[in-house]
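Notes follow the structure.
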Number of protein chains: 4
Amino acid sequence: MTIRVRSDSPDPIYEQIAGQVVFAVAGGDLAPGDLIPSVRDLAVQLTVNPNTVTRAFQELERLGVIEPRRGLGMAVTPDAPKLCRNRRKELIRDRVRETVRAAASAGLQPADVHKLIDDEWPK
Amino acid sequence: MTIRVRSDSPDPIYEQIAGQVVFAVAGGDLAPGDLIPSVRDLAVQLTVNPNTVTRAFQELERLGVIEPRRGLGMAVTPDAPKLCRNRRKELIRDRVRETVRAAASAGLQPADVHKLIDDEWPK
Amino acid sequence: MTIRVRSDSPDPIYEQIAGQVVFAVAGGDLAPGDLIPSVRDLAVQLTVNPNTVTRAFQELERLGVIEPRRGLGMAVTPDAPKLCRNRRKELIRDRVRETVRAAASAGLQPADVHKLIDDEWPK
Amino acid sequence: MTIRVRSDSPDPIYEQIAGQVVFAVAGGDLAPGDLIPSVRDLAVQLTVNPNTVTRAFQELERLGVIEPRRGLGMAVTPDAPKLCRNRRKELIRDRVRETVRAAASAGLQPADVHKLIDDEWPK
DNA sequence: GTGGTCTAGACCACT
DNA sequence: GTGGTCTAGACCACG
């Protein structure tokens, strides 16, 4: 359960945290019932204000990914894996859609984009 | 020269406007010497705050895509086509890079993304 | 003497426990002199932190509903039935008051609420 | 559009604010397209921290009741009236359900509760 | 002017 | 110990 945030990113920090938890659950690194690090611990680890972590947790709770275990912390919900896989799929599909829109309006063909994908793929 | 803005987009309006001008120039819909609509006209047409249009034009002027023609308005510069084609390429490459990053961290393979591209491609 | 707690309830667990004891006494299911389950037993039975049960018992002792019997545990007091019936009446009145406030501010009439009551009444 | 908060209430202030906006929309005091008071104005008016108001607005935006009009403020959405009437109905039904549960377990009859309702009804 | 994000530090209820 | 709420004050992007 390692989380990294980039404070120079255009995406807000709390969203980065929430997003990485979603991906961790979707990838099986976090299973239902697992307790995620406490607000204070995570805040120290990321050198970020506790309120910022709290806000990330609120978003995750709203999504139904985590739920409070009173006095213990936040635990991954039973439904979380399904929810997170769906959300991950959505996010990727949205990004693909934007890419396609930009590429198509520039006169590119699918094959051109395939090539770009391969060029940018991490080795 | 038709521009459309989506006020519900996460991208700021001034960036949408500037981006569409860049794409229009890169695609040849706007040629060097062409006058683009005045701030006031465009603001009315898009039902947008004139300041917003102004800011888009500032960005375009900074990029060297348009330049003031005293008493006439803003005109597309001689260098604009080359600049805009480069910028268009950058923008697409950035989007591709984001897509690849998201897809790779979700465990997808290049072929999977190729398929997504084809699925989302406008028919 | 069966107690059930909902950990997802907005009401704290210790209050749920105390409340159910009060209702059990008010309803005659627990009579003066009856011993209530020990903190440890109840904690195991409800899969709840013993401290939480302790706090519920403190509240009940403060209300005069239970009292310690050295070496035996906590016993229902002689005054408990009267106290609990009063408290039960208070609790119900509080809930009615909240309901009335919400309904009235929504423009409902007493007759509308009567109908809602009948609809929700357990058959 | 008058909002009042009780800082001594068990309900958090941001929820009180959000709830009153919901009721105002449900009651027709706020119509789609109306701009609600700015964060700063409302904070001053309620002598509350701006962040608290912000949080109420976030909740309302999440519910789809208000949406940002960039540079102008937050506006009531077209769907808001329907959403707010539904939410109001839910809230009342939940309260009624709790009341009925408490009353039934105390051995009361529907008629008894009807009488309590009438007693507590504001004159 | 608007809302959005973040920090710092406090207090509270619950377990 | 845990999360939840609130205040105070700062900076930023956007219109």
Side-chain angles (χ1 to χ4, degrees), chain A residues 5 7 9-17 35-43 46-58 60-61 66-75, chain B residues 5 7 9-17 39 43 46-56 59, chain C residues 5 7 9-17 43 46-56 59, chain D residues 5 7-17 35-43 46-58 60-61 66-75:
Chain A
V5 295
S7 60
S9 164
D11 301 328
I13 296 174
Y14 73 87
E15 229 176 64
Q16 297 181 43
I17 297 173
L35 289 176
I36 64 178
S38 77
V39 169
R40 291 162 176 81
D41 283 356
L42 208 48
L46 303 177
T47 58
V48 148
N49 189 288
N51 285 337
T52 306
V53 179
T54 295
R55 187 156 174 194
F57 284 13
Q58 283 171 351
L60 290 167
E61 186 180 358
I66 61 177
E67 61 189 0
R69 289 264 190 278
R70 297 204 250 192
L72 294 177
M74 305 294 279
Chain B
V5 296
S7 62
S9 164
D11 302 327
I13 295 174
Y14 78 87
E15 222 173 70
Q16 296 182 43
I17 296 172
V39 168
L46 304 177
T47 58
V48 147
N49 192 305
N51 289 338
T52 307
V53 179
T54 299
R55 185 154 176 189
E59 182 137 337
Chain C
V5 295
S7 62
S9 162
D11 300 330
I13 295 174
Y14 77 86
E15 222 173 71
Q16 296 181 44
I17 297 174
L46 304 178
T47 59
V48 147
N49 192 305
N51 289 338
T52 307
V53 179
T54 298
R55 185 155 175 189
E59 181 137 339
Chain D
V5 296
S7 59
D8 63 329
S9 164
D11 301 329
I13 295 174
Y14 74 86
E15 227 175 66
Q16 297 181 42
I17 297 172
L35 289 176
I36 63 178
S38 78
V39 169
R40 291 162 175 81
D41 284 356
L42 208 47
L46 304 178
T47 57
V48 149
N49 189 289
N51 286 336
T52 305
V53 178
T54 295
R55 186 156 176 194
F57 283 14
Q58 283 171 351
L60 290 167
E61 187 180 358
I66 61 178
E67 61 188 0
R69 288 263 191 281
R70 298 205 249 191
L72 293 178
M74 306 294 279

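Just so it is clear: chains get the letters A, B, ... in the order the sequence lines come, proteins before strands, and each one is counted from 1.
- The heavy-atom pair separating L35(A) from G73(A) by the smallest distance is CD2-C, 4.3 Å.
- Nucleic acid contact class of P68(A) (heavy atoms, under 4.0 Å, all strands): none.
- A residue-by-residue look at L72(A) and T52(D) shows that L72(A) has its nearest nucleotide of DNA chain F further toward the 5' end.
- Using a 4.0 Å heavy-atom cutoff across all strands shown, N49(A) reaches at least one base atom of the nucleic acid.
- Nucleotide dC11(E) is matched to dG4(F) when pairs are restricted to Watson-Crick or G-U wobble geometry with both distances under 3.5 angstrom.
- The minimum heavy-atom distance between P37(D) and F57(D), with the atom names listed, is O-CZ, 3.4 Å.
- Nucleotide dC14(F) holds its C1' atom 12 Å from the CD1 atom of I17(B), rounded to whole Å.
- In this structure, E15(B) reaches neither bases nor backbone, as no heavy-atom distance under 4.0 Å exists between it and the strands shown.
- The side chain of T54(A) sits closest to dG4(F) out of dC14(F), dG4(F), dT15(E).
- Separating the CD atom of Q58(A) from the P atom of dT5(F) is a distance of 7 Å, rounded to the nearest angstrom.
- The CD1 atom of I13(D) sits 9.5 Å away from the CG atom of N49(D) when rounded to the nearest 0.5 Å.
- The distance between atom CZ of R69(D) and atom C1' of dG15(F), rounded to the nearest whole Å, is 14 Å.
- Closest-nucleotide positions on DNA chain F for G71(D) and E61(A) were compared, and the one nearer the 5' end corresponds to E61(A).
- The listed nucleotides are dC6(E), dT7(F), dT7(E); the one nearest the side chain of V48(A) is dT7(E).
- Positionally, the nearest nucleotide of DNA chain E for Q16(A) lies more toward the 5' end than for the other of R40(A) and Q16(A).
- Between S38(D) and I13(C), the residue whose closest nucleotide on DNA chain E is further toward the 5' end is S38(D).
- Atom CZ in R70(A) sits roughly 11 Å away from atom P in dG4(F) (whole-Å rounding).
- Taking atom OH of Y14(D) as the reference point, atom P of dG4(F) lies 9 Å away to the nearest angstrom.
- In this structure, P50(A) and V39(A) approach most closely via the heavy-atom pair O-CG1, 3.5 Å.
- With rounding to whole Å, N51(A) atom CG is found 13 Å from dG3(F) atom P.
- One can place CD of E59(B) at 12 Å from P of dG15(F), the figure rounded to the nearest angstrom.
- Look at CZ on R55(D): it is 15 Å from C1' on dT5(E), rounded to the nearest Å.
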**Request:** Go through the steps for Q58(A) and R55(D) under the test side-chain contact (heavy atoms from CB on, under 4.5 Å), then give the verdict.
**Result:** CA-CA 11 Å; Q58(A) 283 171 351; R55(D) 186 156 176 194; 2.9 Å; yes
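- Side-chain proximity of V39(D) to the nucleotides dC6(F), dG4(F), dG3(E) is greatest for dG3(E).
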